[in-house]
Amino acid sequence: MADKEQTTDLQEKPFKPSSPSSKLDLNGFWEYADAPQSADFIELADQYELFIDGKFTKPASGNYFDTINPATEKPIAKIAEADEKDINKAVKAARKAYENTWSKISARERGKYIFRLARLIQERAREFAIIESMDGGKPIRESRDVDIPLAAAHFFYYAGWADKLNYAFPNKEVESLGVAGQIIPWNFPLLMLAWKIAPALATGNTVVLKPAETTSLTALKFAELCRDAGLPDGVVNIVTGAGETGAAIVNHDGIDKIAFTGSTEVGKIIMKSLAGSEKKYTLELGGKGPNIIFEDAPVDQAVEGIINAIFFNQGHVCCAGSRLLVQEGIANRVIQKLRDRMETLIVGDPLDKNTDIGAINSKQQFEKINEYLEIGVNEGADIHQSSCSIPENGYFCRPTLFTNVGQSNRIVKEEIFGPVLTIQTFRTAEEGIEKANNTPYGLAGGVWTDKGSKIFKTGQKIRSGVVWSNTYNQFDPTSPFGGYKESGMGREGGLHGLEPYVKLK
Amino acid sequence: MSATTSTYDWNKTIPIDQVGVEQRVDRLNSRSIKKDSKIQALKLALSMIDLTTLEGMDTEGKVIQLCQKALRPHIEQPDLPKVAAICVYPNMVSVAKKELQGSGINVASVATAFPSGMATRKIKIEETRQVVADGADEVDMVISRGAFLKGEYEYVFDEISAVKEACGSAHLKVILETGELQTYENVRKASDIAMHAGADFIKTSTGKISPAATQPVTLVMLEAIRDYFYKTDRMVGMKPAGGIRKAKQAIQYLVLVKETLGAAWLTPDYFRFGASSLTNDLLMQIIKQQSGVYQGPDYFSKD
């Protein structure tokens with residue numbers, strides 16, 4: 001009975017911000033006026049088809065689903081749903097393109113096509129950025145300054161490798177695999193497409209790629225680019241749909257390699273279905289990144305780094321620094337500063353140039369995050385949210401901190417994939433490292449200290465594919481990215497990112 | 001606050017990450033300030049200007065003309081705010097004072113052997129007393145950078161305390177000359193010393209050394225002010241000076257202040273621009289916002 005009362009109380013006032021404890025007036029008289037990015041020139045169709053064999057093709061089933069703008073909850077367009085028949089068609093087209101053209105043309109020619117794609121992305125960068133923000137909810141500042149430029153950079157980088165594979169793997173004969181099936185998530189739609197398609201094409205493979213069902217638009221726009229670039233038919237096929245479409249790709253016999261980025265849960269299912277088959281695979285899965293702040297860290301910059309680590313892209317980042325581990329001597333100071341910094345985060349319209357935190361990608365994810373907020377409170381953690389106003393419609397979540405939490409709390413153990421940070425303290429470096437590693441994940445982490453030797457000592461002991469030092473969430477196409485343990489297998493990016501797409505003799 | 005003795009170990013250094021500071025500034029500079037918020041910012045910036053002339057060739061006539069400009073930045077727009085202060089050399093204080101009597105505009109004088117600070121302490125104190133006696137409301141002193149870089153932090157602290165005392169009720173702005181301090185850590189340390197020694201404002205530069213004010217340096221100083229405020233509840237002002245010529249830069253500085261210290265600092269009492277040519281660019285932008293067109297530079301008085 002007592003429990004029940006508590007829950008209703010929570011539902012009535014869903015996590016009201018705690019009373020302002022700041023001495024600073026961070027929401028004073030000078031407010032920024034709206035600065036919306038104009039989207040007038042964006043041309044979107046009412047309905048999008050599958051891109052198979054160089055042509056936009058209606059789905060066999062005739063089924064379509066809506067893609068929603070999470071900031072307004074209104075549908076933007078209808079997207080075709082691919083079933084097994086469509087996947088069959090796409091794989092056949094990819095195989096034909098592989099055998100007849102893509103594996104026949106010279107590596108230099110292949111490189112030229114990829115360079116062309118990179119330049120076309122740059123030319124239409126603003127358009128891609130706006131569509132990415134409309135479809136996925138991420139702030140235009142990020143899609144404009146991070147997602148799209150990085151996607152172009154990936155194509156540029158791998159275009160350069162296309163005719164230099166013998167240098168990438170000296171004394172080996174390099175062969176392409178054939179057809180790659182690629183399934184990407186909704187958090188960085190075009191960027192993840194670039195991570196997948198660029199190395200696959202550079203190494204001479206053809207692809208069947210499925211974007212996430214909530215963010216198909218930029219992948220379909222990319223299909224238009226492939227056509228504009230004169231890419232031979234069937235080299236890139238884009239099939240849209242949800243989990244079942246993905247399963248049809250994973251289980252298709254005509255596919256030689258699976259590349260998946262997404263949740264650990266689905267990753268495990270994929271691994272099971274691939275067991276015993278000859279398909280190569282790479283999996284880039286979830287994370288619960290530890291961000292370790294030592295007492296001798298540059299505090300103001302560390303606070304900024306913590307903010308970037310967890311609130312970048314609404315926290316929809318597999319490598320997000322979602323567990324803050326701060327040395328006890330500076331914990332109060334860091335938390336005070338974090339709270340003040342959170343007050344200056346602007347949550348709202350993803351298309352406003354001043355927005356720091358946009359909309360949660362989908363209703364489903366929004367509900368999942370709220371569920372975790374409730375779990376956190378019920379577990380006895382102290383919640384603090386910024387006092388910012390959020391739009392009435394759309395899926396928006398205030399930036400949130402949890403203190404008074406331990407390793408056994410669910411909000412510390414499980415990936416929330418939202419703007420929610422848990423804060424724990426540690427006394428000795430050993431304790432910090434132990435807590436950092438005490439997770440089934442191992443994708444990324446951060447170390448903050450002014451002392452060089454401590455960076456290396458600590459960094460080496462963190463079981464993560466990526467460890468950033470005195471910074472967080474920095475990406476570059478030349479740098480490999482991937483996880484330990486349940487955060488996945490294989491590396492994407494850099495020289496390492498070529499390896500999963502080739503056979504070496 | 002009367003701090004005559006330092007109880008602080010100045011040899012301790014507060015780490016500052018250069019890359020992080022510069023990234024933060026880049027991010028703040030990406031704020032897009034439009035429409036009403038832009039007009040508000042332009043007028044606010046105008047009211048924060050310390051209209052400055054610090055040349056060996058300054059004449060009484062020039063100072064008088066500058067005072068006229070301070071009183072009426074743009075005669076066609078009588079409703080515009082006045083600037084905060086006039087900043088001149090010590091021998092021009094009485095001229096400016098006479099001109100600005102009763103106007104609400106402060107007279108600020110540089111002192112302590114500006115810009116080098118290479119004089120004995122006795123002379124620095126005397127000069128400070130003199131400018132205050134002549135009517136200066138604000139004193140802009142320079143720190144002894146040589147002593148600071150040698151690690152004689154107590155010397156620097158004592159000197160600032162002594163000048164503060166000589167100021168009496170006049171406000172003390174302490175110029176760190178950040179272009180000579182080499183590192184952000186030194187900027188931070190000099191800021192802390194100045195605030196603990198009683199500075200009412202900390203100021204980046206004399207304008208005689210390049211680089212003068214930069215946004216990263218200003219951010220480091222604003223963060224020092226914030227930490228000092230968290231600890232002591234005393235609000236110290238900030239004045240970037242030198243190199244700020246465009247309205248757009250001024251707005252970027254205001255964004256730094258707003259998102260670091262909050263609205264309480266967005267007033268001429270706690271934030272100033274040491275500049276002269278900035279005034280006309282602000283005026284030009286204000287008129288552009290109102291009329292929709294730019295006017296030629298000759299429609300604005302150059303003093």
Side-chain angles (χ1 to χ4, degrees), chain A residues 20-37 139-142 144-146 294-308 312 330 332-333 336-337 340-346 351-356 448-451 468-474, chain B residues 12-45 184-185 188 216 219-227 229-235 251 254-267 289:
Chain A
S21 57
S22 177
K23 293 169 126 189
L24 303 172
D25 173 16
L26 292 160
N27 302 302
F29 64 93
W30 181 41
E31 295 292 340
Y32 305 142
D34 296 344
Q37 163 69 50
I140 187 75
R141 183 180 62 80
E142 289 174 6
R144 180 194 66 203
D145 297 346
V146 183
F294 284 104
E295 274 169 358
D296 57 2
V299 174
D300 285 311
Q301 290 76 53
V303 166
E304 200 51 35
I306 296 164
I307 294 281
N308 285 335
F312 176 57
I330 55 165
N332 288 340
R333 225 164 86 216
Q336 180 187 24
K337 285 181 178 225
D340 278 349
R341 176 68 179 87
M342 276 164 64
E343 288 299 309
T344 64
L345 288 170
I346 300 172
L351 283 178
D352 192 296
K353 291 172 194 163
N354 287 327
T355 294
D356 295 308
W448 296 76
T449 163
D450 202 38
K451 201 169 179 186
W468 284 290
S469 177
N470 291 341
T471 187
Y472 209 98
N473 276 340
Q474 302 290 332
Chain B
K12 264 198 284 182
T13 296
I14 292 177
I16 309 271
D17 188 75
Q18 183 196 338
V19 177
V21 169
E22 287 161 13
Q23 276 177 351
R24 175 74 180 130
V25 167
D26 283 346
R27 176 152 176 191
L28 286 168
N29 284 351
S30 75
R31 289 286 189 220
S32 177
I33 311 300
K34 304 274 185 218
K35 297 173 244 174
D36 292 349
S37 57
K38 185 169 183 180
I39 297 185
Q40 210 182 345
L42 292 167
K43 289 186 178 168
L44 186 61
Y184 291 137
E185 268 113 355
R188 169 68 195 231
L219 179 62
V220 169
M221 292 169 72
L222 291 171
E223 284 170 349
I225 291 171
R226 183 170 62 187
D227 282 344
F229 175 70
Y230 278 145
K231 219 182 288 173
T232 67
D233 279 329
R234 186 168 80 94
M235 288 170 71
I251 294 175
L254 294 182
V255 170
L256 290 189
V257 177
K258 174 182 161 67
E259 300 207 16
T260 311
L261 289 168
W265 268 261
L266 287 174
T267 138
Q289 289 294 316

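What you see below is based on every heavy atom in this structure, not just the backbone, and it leaves out hydrogens, waters and symmetry mates. Lettering follows sequence order; numbering is per chain, from 1.
- When B/D36, B/I33, B/I14 are compared by the number of non-hydrogen pairs under 4.5 Å with chain A, B/I33 comes out ahead.
- Taken to the nearest 0.5 Å, the CG atom of A/L24 stands 9.5 Å off from the OG1 atom of B/T260.
- Between B/R27 and A/D356 there is a salt bridge, since at least one side-chain N of the basic residue sits less than 4.0 Å from a carboxylate O of the acidic one.
- The CG atom of A/L26 sits 8.5 Å away from atom CG of B/L261, with the distance rounded to the nearest 0.5 Å.
- Shown here for B/A263 and A/G28, the closest heavy-atom pair between the two residues is CB-CA, 3.3 Å.
- Put simply, OH on B/Y230 and CD on A/Q336 are 4.5 Å apart, with the number rounded to the nearest 0.5 Å.
- Here A/I346 is the residue among A/I346, A/D352, A/T471 with the most heavy-atom pairs under 4.5 Å with chain B.
- Interface remark: B/L44 contributes side-chain atoms only to the contact with chain A (heavy atom separation under 4.5 Å).
- In this structure, B/S32 and A/N354 have side chains that are in contact, with non-hydrogen atoms separated by less than 4.5 Å.
- Contact tally against chain A (heavy-atom pairs below 4.5 Å) for B/G20, B/G262, B/S37: the top residue is B/S37.
- Ranked by non-hydrogen atom pairs under 4.5 Å with chain A, the options B/E185, B/R31, B/E259 are led by B/R31.
- Listed options A/K337, A/E31, A/R341 were ranked by heavy-atom pairs under 4.5 angstrom with chain B; first place goes to A/R341.
- Your options are B/Q40, B/K34, B/K35, B/K38, and the one with the most heavy-atom pairs under 4.5 Å with chain A is B/Q40.
- Residue-environment remark: CZ (A/R333) stays at or below the threshold of 12 foreign heavy atoms within 6.0 Å.
- The NZ atom of B/K258 sits 6.5 Å away from the CG atom of A/N27 when rounded to the nearest 0.5 Å.
- Only the backbone of A/A297 comes within contact range of chain B, judged by heavy atoms closer than 4.5 Å.
- Nearest approach of A/Q301 to B/D17, heavy atoms of both residues: OE1-N, 3.0 Å.
- In this structure, the side chains of B/V257 and A/W30 stay at 4.5 Å or more apart for every pair of heavy atoms.
- Enclosure of atom CG in B/N29 by more than 12 non-hydrogen atoms of other residues, nucleotides or ligands within 6.0 angstrom is indicated.
- Of the two parts of B/V19, neither the backbone nor the side chain holds a non-hydrogen atom closer than 4.5 Å to a non-hydrogen atom of chain A.
- Between B/R226 and A/D300 there is a salt bridge, since at least one side-chain N of the basic residue sits less than 4.0 Å from a carboxylate O of the acidic one.
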